[in-house]
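So the structure is just underneath, and the comments pick up after that.
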Amino acid sequence: MCFVIQPGCKSAATLRDMPDTSFLRRVALFDCLGDDELEALNKLAYRRAFAKGQLIILAEDPGDTLFVIEKGEVKVNIIHADGKEFILSLLGEGEVFGELSLLDDQPRSANVTAVEDTELAMIRRPDFLRLLTNIPQIAISLLEELASRLRRTDGQVGDLALLNVHNRISKTILHLADSRGVETEEGMLIRERPTHQQLANMSGTSRETVTRVLKQLEEDGYIISRRRQLVVLPTDAA
């Protein structure tokens with residue numbers, strides 16, 4: 001079944017001519033769409049580029065847009081009253097964000113900033129809700145994504161309360177290996193690991209502590225560090 005949507009106003013900050021649908025086919029949220037649906041979705045999406053370090057979403061601002069990462073990486077974070085940053089997640093190509101405000105029409109719950117030069121496809125709330133109405137499978141995919149993120153957040157809260165700093169950093173690395181690692185003969189390769197400061201902000205500790213723990217993990221044979229690359233070794237190799 002093909003849904004019909006009247007495209008809304010397009011942003012003046014369009015990146016380029018409308019690309020083909022090949023990218024949207026690789027987005028898990030839209031893998032239930034057929035060719036006609038993908039083409040319609042592609043026509044209503046508009047594109048913007050954000051430079052490294054540029055703020056994309058500010059917490060508490062109103063939100064009416066779903067974002068799909070076509071290129072680059074973003075961090076989702078919150079800033080405490082004392083100025084300390086806690087990174088909730090790092091998202092890369094094919095992942096989505098901004099879905100909560102899209103569904104409940106409430107203010108944004110966190111900040112989102114481009115970690116590197118990033119290109120986004122953006123879909124406005126009325127268009128996306130019409131898409132959900134016409135193709136319920138997308139709602140199921142969206143619920144699965146929300147459940148996954150809620151479980152991850154619950155785990156982070158539990159880790160901060162119950163684990164010591166060494167275990168928090170180790171678990172953060174294991175999560176990165178699971179979510180973005182590539183299996184090699186050596187182990188799970190993280191091609192572009194977060195910086196020490198980013199790892200600290202993900203683990204609730206300091207950059208100096210992360211540096212010390214990574215060195216200890218390498219000495220103990222759990223990881224191999226090569227600048228921004230990191231290999232998590234198999235358990236039987238440690």
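Since the model is a prediction, treat every value here as computed from it, not as a measurement. When a residue number appears, it is its place in the shown sequence, counting from 1.
With rounding to the nearest 0.5 angstrom, the CG atom of Asp82 is 12.0 Å from the CD atom of Glu85. Rounding to the nearest 0.5 angstrom, the gap separating the OG1 atom in Thr133 from the CG atom in Leu131 is 8.5 Å. Taking CG from Asn42 and CG from Leu33, the interatomic distance works out to 11.5 Å, rounded to the nearest 0.5 Å. Between the CG atom in Leu214 and the NE2 atom in His196 there is a gap of 5.0 Å [rounded to 0.5 Å]. From Glu39, atom CD reaches atom CG of Leu24 across 9.5 Å, with rounding to the nearest 0.5 Å. Here CG of Leu233 is found 11.5 Å from CG of Asp220. Values are rounded to the nearest 0.5 Å.
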Criterion salt bridge (charged side-chain N to carboxylate O under 4.0 Å, His left out) on Glu73 and Lys52, from CA distance to verdict: CA-CA 9 Å; Glu73 183 179 51; Lys52 178 181 179 180; over 6 Å; no
Salt bridge (charged side-chain N to carboxylate O under 4.0 Å, His left out) assessment of Arg130 paired with Asp127: CA-CA 5 Å; Arg130 194 172 296 114; Asp127 295 329; 3.5 Å; yes
side-chain contact (heavy atoms from CB on, under 4.5 Å) assessment of Phe50 paired with Asp117: CA-CA 6 Å; Phe50 293 83; Asp117 290 348; over 6 Å; no
Candidate pair Ile69 and Leu120, rule side-chain contact (heavy atoms from CB on, under 4.5 Å), full reasoning: CA-CA 5 Å; Ile69 304 172; Leu120 302 175; 3.8 Å; yes
Worked check of salt bridge (charged side-chain N to carboxylate O under 4.0 Å, His left out) between Glu119 and Arg47: CA-CA 7 Å; Glu119 299 177 5; Arg47 271 78 180 176; over 6 Å; no
From CA spacing to verdict: side-chain contact (heavy atoms from CB on, under 4.5 Å), Ile190, Gln229: CA-CA 6 Å; Ile190 304 172; Gln229 289 191 349; over 6 Å; no
Full working for side-chain contact (heavy atoms from CB on, under 4.5 Å) between Phe23 and Val68: CA-CA 10 Å; Phe23 168 75; Val68 184; 3.6 Å; yes
Salt bridge (charged side-chain N to carboxylate O under 4.0 Å, His left out) between Arg226 and Glu218, worked out: CA-CA 11 Å; Arg226 303 188 183 103; Glu218 188 161 21; over 6 Å; no
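Salt bridge annotation for Arg180-Glu192: absent, with no cationic side-chain nitrogen under 4.0 angstrom from a carboxylate oxygen. With respect to the salt-bridge test (charged N to carboxylate O, under 4.0 angstrom), the residues Glu208 and Arg212 do not qualify.
Two residues are said to be in side-chain contact when any heavy atoms from C-beta on lie closer than 4.5 Å; Leu176 and Arg193 fail this criterion. Lys75 places none of its side-chain heavy atoms less than 4.5 Å from the side chain of Val112. Thr65 is not listed as a side-chain neighbour of Arg125, based on a closest heavy-atom distance of 4.5 Å or more. Leu199 places none of its side-chain heavy atoms less than 4.5 Å from the side chain of Ile87. In this structure, Arg228 and Thr195 have side chains that are in contact, with non-hydrogen atoms separated by less than 4.5 Å. Under the 4.5 Å side-chain criterion, counting only non-hydrogen atoms from C-beta, Arg168 is in contact with Val165. Considering only heavy atoms from C-beta on, Thr209 comes within 4.5 Å of Ile169 through its side chain. Between Met188 and Val231, every side-chain heavy-atom pair lies at or beyond the 4.5 Å cut-off.
Residue pairs meeting the ring-ring contact (aromatic ring centres under 6.0 Å, His included) criterion with at least one partner in residues 55-87, sequence neighbours excluded, are Phe67-Phe97. Residue pairs meeting the ring-ring contact (aromatic ring centres under 6.0 Å, His included) criterion with at least one partner in residues 133-176, sequence neighbours excluded, are absent.
Across all their heavy atoms, Asn111 and Ala59 have their closest contact at OD1-N, 2.9 Å. Closest non-hydrogen pair, Ala110 versus Asn77, comes out as CB-O, 3.5 Å. Nearest heavy-atom pair, Pro234 versus Gly187, reported as atom, atom and distance to 0.1 Å: CD-CA, 4.1 Å. Between Ile78 and Ser109, the shortest heavy-atom distance links the atoms CG2-O, 4.1 Å. Leu91 and Val96 make their closest contact through CD1-O, 3.8 Å (heavy atoms, listed as atom of the first residue, atom of the second, distance). Closest heavy-atom contact between Cys32 and Ile135: SG-CG2, 4.2 Å.
Counting only distance, with no hydrogens or angles, the side chain of Thr205 and the backbone of Asn201 share no donor-acceptor pair below 3.5 Å. Panel note: side chain Ser101, backbone Pro107; a donor-acceptor pair is recorded below 3.5 Å. A donor-acceptor pair under 3.5 Å is absent between the side-chain atoms of Ser148 and the main chain of Leu146, judged by distance alone. For the pair Gln54 (side chain) and Ala51 (backbone), a donor-acceptor distance under 3.5 Å is present. Side chain of Asn167 to main chain of Leu163: no donor-acceptor pair is present (N/O by atom type, distance under 3.5 Å, no hydrogens or angles).
Grouping the Ile, Leu, Val, Met, Phe, Trp and Tyr side chains by contacts below 4.5 angstrom, directly or via other members, places Leu132 apart from Ile140. By the rule that hydrophobic residues join a cluster once side-chain heavy atoms approach within less than 4.5 Å of another member, Ile79 and Leu88 end up as members of separate clusters. Val74 and Leu58 fall into different hydrophobic clusters, where Ile, Leu, Val, Met, Phe, Trp and Tyr are joined by side-chain heavy atoms under 4.5 Å apart, directly or via other members. In terms of hydrophobic clustering, with Ile, Leu, Val, Met, Phe, Trp and Tyr side chains grouped at heavy-atom distances under 4.5 Å, Leu143 and Phe128 are assigned to different clusters.
The local environment of CD in Glu183 is sparse, with at most 12 non-hydrogen atoms from other residues, nucleotides or ligands closer than 6.0 Å.
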